Asker: 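Supplied in structure tokens, the structure appears directly below.
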Amino acid sequence: MRIKVRDALAAESPLGGITVSGWVRTRRDAKGFSFVEINDGSCLRNLQAVVDHAVPGAEALGTVLTGASVSVDGELVPSPAKGQRWELRVSAFRLVGEADATFPLQKKGHTAEFLRTIPHLRARTNRIASSLRLRSRLAMAVHEFFQARGFAYVHTPVITVSDCEGAGELFRVTTLDPAAPPKSPDGSVDWAADFFARQAFLTVSGQLEAETLACALGDVYTFGPTFRAENSQTSRHASEFWMIEPEMAFCDLAGDMDCAESLVKHLVRAALECCPEELEFFNAYVDKGLLERLRLVADRPFTRITYGEAVDLLLASGRPFEHPVKWGENLQSEHERWLTEERFGGPVTVCDYPAAAKPFYMRQNDDDRTVAAMDVLVPGVGEIVGGSQREERPERLEAAMRAHGLDLEAYRWYLDLRRYGTVPHAGFGLGFERLLMFVTGEGNIRDVTAYPRTPGHA
RNA sequence: UGCCUGGUAGCUCAGCGGUAGAGCAGGUGACUGUUAAUCACUUGGUCGCAGGUUCGAUCCCUGCCCAGGCAGCCA
């Protein structure tokens, strides 16, 4: 009976007649027998198989190098040596697939840069496999969080026809021949001849559609792929990433911030509880202060300040920032870093940003110069959540849309939400990969994504 | 896209205006309930690409390509 390494290592008593299948991490030869470390991806740790050279199939051991796949029968017994509680005393050894000396992964540590050159093989490393296991576990934790609170999981379209959702450059979706697109009489491309009879793009956010569903189901969330065609060359931007976007009817900015904080904490706690070995690994090899930071985040309330207070603190800091701090200007990365890493040493939720710097749909505050927006900033990564209370007053929303130069006709459906039974509502977007960066301590979004898509790389 | 740094063996790196080095990986042998095993020996390179300076360039200069970091845009 095949058993996963994870279950074998968790055994309470010896197990006979089991089969373990996986990939060889390393082989050590002794007189008359060999140690073969087998990893099957079910957990971080390997199972040490002890293969007597007289056992059936052991003659293949000579070609068993790091990377080979094997399947072994045997008996799980207490290990007489230090280093592991259990080991597998092998009764039959089978080499399933050889890996010759050109296998690029070694027993030694590799740089993240090198691993990115072999995306199809790097998941066989402790580092990438751990991040993918965490990713899987935390994806489920997202659903646990919202389902326990009565949110409906909704699927908003990946293909959108709004060409200005306000969150950046879009990827075009078309079936037209790029070399010879149909033309209108005026020489421009005739998009009416395209597949959707108009221009179409990949979504940059499901927010606007989620708002319509929240105004029917109450509390909803999306969790799916998001696409941005910005030429962002940084360690924390990807062209394709996953975003979690809750949208809550009858909710204000305070409730929005509460939800975001609870969600981040829930995910951090889930990681601490479900993936302790992975986190120990990241703490040891990727980010020395990781565990301490995560425990603090799980226990302590996030600091909550307004944009205006943030500006005052930054001005009073006496720091010679490269970008001067000025009310009305966006907070720069260096400012966010100072707030989270130096001033408060933990997550900071900043709210009430200047209206001029924010999109049309955010609710205008009574001071007439700020909007009910909020960002959650965390040490090391920066912004992982961006959200707001939405403008539910039809006249205010229309005015804001005009001020942003939007075509009101194209957003008639969005305005209808305010025309028919409008309600205060709020939501936010949480970048899933950015959360994973925060939880793993990885400094590059490419290392928490199996197949990262970034400008120039797909 | 801008600025900065880098590109030398399969990997991680050292080196230097005078013809190429280490550790690990691979191979051979020894030893050993081993733990990134150990020890000895050993295979392995157009020094990113193209020009230029020079008696001579991996080294200096220019351009290009690639990677990383930082910044902007954001999640």
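So that the names make sense, note that chain A is the first sequence line, chain B the second, and so on, each numbered from 1. A quick note: this is a predicted structure, and the numbers were derived from the prediction, not measured.
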Asker: Check this for me: does any side-chain nitrogen of one of A:E247 and A:R390 sit under 4.0 Å from a carboxylate oxygen of the other?
Answerer: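 A salt bridge is present here (some side-chain N lies under 4.0 Å from a carboxylate O).
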Asker: Can you tell me, in whole Å, how much space there is between the C1' of B:rC73 and that of B:rG45?
Answerer: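 The answer is 43 Å between these two C1' atoms.
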Asker: Mark this stacking check for A:F241 against B:rA75 as yes or no, applying ring centres under 5.5 Å and ring planes under 30°.
Answerer: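 Yes; centroid distance and tilt both under limits.
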Asker: Looking only at atom C1', what distance separates B:rG15 and B:rA37, rounded to whole Å?
Answerer: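 Roughly 31 Å separates the two C1' atoms.
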Asker: Judged by modelled atom types alone, do A:S91 and A:R89 share a side-chain donor-acceptor pair under 3.5 Å?
Answerer: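 A:S91 vs A:R89: no donor-acceptor pair found between side chains.
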Asker: B:rA71 phosphate, OP1 or OP2: any side-chain N/O from A:R236 under 4.0 angstrom?
Answerer: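 For A:R236, the contact criterion (side-chain N or O under 4.0 Å from OP1 or OP2 of B:rA71) is met.
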Asker: Identify each atom pair where a protein N or O and an N or O of nucleotides 64-66 of chain B are less than 3.5 Å apart, giving names and distance.
Answerer:
none

Asker: Side chain of A:T26: nearest nucleotide among B:rA75, B:rU35, B:rA37?
Answerer: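 Of all the options, the side chain of A:T26 is nearest to B:rA37.
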Asker: Take A:L430 and A:Q233, find for each the nucleotide of RNA chain B with the closest heavy atom, and name the residue whose nucleotide sits nearer the 5' end.
Answerer: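 Result: A:Q233.
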Asker: So which pairs with a foot in residues 97-147 of chain A pass ring-ring contact (aromatic ring centres under 6.0 Å, His included), sequence neighbours left out?
Answerer: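 Found A:H110-A:F114, A:H143-A:Y153, A:H143-A:Y221, A:H143-A:F223, A:F145-A:H266, A:F146-A:F151, A:F146-A:Y221.
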Asker: When only distance counts, do a donor and an acceptor, one from the side chain of A:S232 and one from the base of B:rC74, lie under 3.5 Å apart?
Answerer: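 Not at all, since no donor on one side and acceptor on the other fall under 3.5 Å apart.
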Asker: Any donor-acceptor pair under 3.5 Å linking the side chain of A:E334 with the backbone of A:E322?
Answerer: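 Looks like yes, one N/O pair under 3.5 Å.
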Asker: Give me the distance, rounded to whole Å, that separates B:rA57 from B:rA50 when you measure between the C1' atoms they each carry.
Answerer: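 After rounding to an integer number of Å, I get 14 Å for this pair.
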Asker: Is A:N330 near enough to B:rC73 that one of its side-chain N or O atoms lies under 4.0 angstrom from OP1 or OP2?
Answerer: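 A:N330 to B:rC73 OP1/OP2: side-chain N or O found under 4.0 Å.
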Asker: Taking for each residue the nucleotide of RNA chain B with the nearest heavy atom, is it A:R27 or A:E113 whose nucleotide lies nearer the 5' end?
Answerer: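 In this pair, the answer is A:R27.
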Asker: Is there a Watson-Crick or G-U wobble partner for B:rA30 with both distances under 3.5 Å, and which nucleotide is it?
Answerer: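 Paired with B:rU38.
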Asker: Between A:H457 and A:T454, do the side chains contain an N or O donor and an N or O acceptor separated by less than 3.5 Å?
Answerer: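 No, A:T454 and A:H457 have no side-chain donor paired with an acceptor closer than 3.5 Å.
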Asker: Hey, does the side chain of A:N444 come within less than 4.0 Å of B:rG69's phosphate (OP1/OP2), counting only N and O?
Answerer: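 For B:rG69, OP1/OP2 do have a side-chain N/O of A:N444 under 4.0 Å.
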Asker: Between N or O atoms, less than 3.5 Å apart, protein on one side and nucleotides 24-33 of chain B on the other: list the pairs.
Answerer:
residue, atom, partner, partner atom, Å
B:rU32, N3, A:D29, O, 3.0
B:rU32, O4, A:A30, O, 3.4
B:rU32, O4, A:K31, N, 3.2
B:rG33, N1, A:E87, OE1, 3.3
B:rG33, N1, A:E87, OE2, 2.6
B:rG33, N2, A:Q48, NE2, 3.0
B:rG33, N2, A:E87, OE1, 2.2
B:rG33, N2, A:E87, OE2, 3.2

Asker: Any side-chain N or O of A:T111 below 4.0 angstrom from OP1/OP2 of B:rU12?
Answerer: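 Affirmative; the distance criterion is met.
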Asker: Less than 4.0 angstrom between a side-chain N/O of A:R25 and OP1 or OP2 of B:rU35, yes or no?
Answerer: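 The answer is no; no side-chain N or O of A:R25 sits under 4.0 Å from OP1 or OP2.
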Asker: A:S235 side chain N/O closer than 4.0 Å to the phosphate oxygens (OP1, OP2) of B:rC70?
Answerer: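 Checking B:rC70 against A:S235, a side-chain N or O does come within under 4.0 Å of OP1 or OP2.
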Asker: For the residue pair A:E278 and A:S130, confirm or rule out a side-chain donor-acceptor distance under 3.5 Å.
Answerer: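 No, because no side-chain N or O of A:E278 sits under 3.5 Å from a partner of the opposite role on A:S130.
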Asker: Considering only heavy atoms and no angle criterion, is a donor-acceptor pair shorter than 3.5 Å present between the side chain of A:R434 and the base of B:rC74?
Answerer: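 For A:R434, whose side chain was compared with the base of B:rC74, there is a donor-acceptor pair (under 3.5 Å).
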Asker: Under a 3.5 Å cut-off for both distances, is B:rA75 Watson-Crick or wobble paired, and to whom?
Answerer: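 Pair assignment: B:rA75 / none.
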Asker: Under a 3.5 Å cutoff, is there a donor and acceptor pairing between the side chains of A:Q207 and A:Y361?
Answerer: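 There is such a pair (donor and acceptor under 3.5 Å, judged by atom type) between the side chains of A:Q207 and A:Y361.
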Asker: Once you apply the 3.5 Å cut-off to both distances, tell me the Watson-Crick or G-U wobble partner of B:rU5, or none.
Answerer: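 WC or wobble partner is B:rA67.
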Asker: Side-chain N or O of A:S205 versus OP1/OP2 of B:rA75: is the shortest distance under 4.0 Å?
Answerer: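 Result: no.
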Asker: Taking OH in A:Y285 as the centre, count heavy atoms belonging to other residues, nucleotides or ligands within less than 6.0 Å. Is the count above 12?
Answerer: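 Atom OH in A:Y285 is not crowded, with 12 or fewer foreign heavy atoms closer than 6.0 Å.
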Asker: Would you say that more than 12 heavy atoms from the other residues, nucleotides or ligands in this model lie under 6.0 Å from the CH2 of A:W338, or not?
Answerer: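 Atom CH2 in A:W338 is packed in, count exceeds 12.
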Asker: P atom, B:rC24 versus B:rU43: distance in rounded Å?
Answerer: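 To the nearest whole Å, 16 Å.
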Asker: For B:rG29 and B:rC47, measure between their C1' atoms and round to the nearest Å.
Answerer: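 Here B:rG29 and B:rC47 have their C1' atoms 33 Å from each other.
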Asker: Is B:rC60 paired to anything, Watson-Crick or G-U wobble with both distances less than 3.5 Å, and if yes, which nucleotide?
Answerer: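 Because both required distances fall under 3.5 Å, B:rC60 counts as paired with B:rG52.
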Asker: Quick check: closest heavy atoms across A:N283 and A:L290, and the distance to 0.1 Å?
Answerer: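 That closest heavy-atom pairing would be OD1-N, 3.1 Å.
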Asker: What's the closest nucleotide to the A:A238 side chain, out of B:rA75, B:rC73, B:rG68?
Answerer: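 So the side chain of A:A238 is nearest to B:rA75.
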Asker: Using the C1' atom as the point on both nucleotides, what is the distance between B:rA9 and B:rU42, in whole Å?
Answerer: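 The same atom, C1', in both gives a distance of 14 Å.
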Asker: Please identify which of these residues, A:R28, A:K107, A:R45, A:R25, meets the salt bridge (Lys or Arg N to Asp or Glu O under 4.0 Å) condition with A:E37.
Answerer: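 Between A:E37 and the candidates, salt bridge (Lys or Arg N to Asp or Glu O under 4.0 Å) is satisfied uniquely by A:R28.
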Asker: Can you check whether any acceptor in the base of B:rC11 is under 3.5 Å from a donor in the side chain of A:H110, or vice versa?
Answerer: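 No.
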Asker: Return the orientation label for the A:F33 and A:F35 ring planes: parallel under 30°, perpendicular over 60°, tilted otherwise.
Answerer: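 Judged by the thresholds at 30° and 60°, the geometry between A:F33 and A:F35 is perpendicular.
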Asker: Less than 4.0 angstrom between a side-chain N/O of A:Q332 and OP1 or OP2 of B:rG72, yes or no?
Answerer: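 Affirmative; the distance criterion is met.
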Asker: Nearest to the side chain of A:T234, which nucleotide is it out of B:rU12, B:rC74, B:rA71?
Answerer: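 So the nucleotide nearest the side chain must be B:rA71.
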Asker: Whole Å only: how far is the CZ atom of A:F171 from the C1' atom of B:rC74?
Answerer: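 So the two atoms are 14 Å apart, to the nearest Å.
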Asker: Quick one: look up who B:rA22 pairs with, Watson-Crick or G-U, both distances under 3.5 Å, and put none if it's unpaired.
Answerer: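 Paired with B:rA22, as far as the under-3.5 Å criterion goes, is B:rU12.
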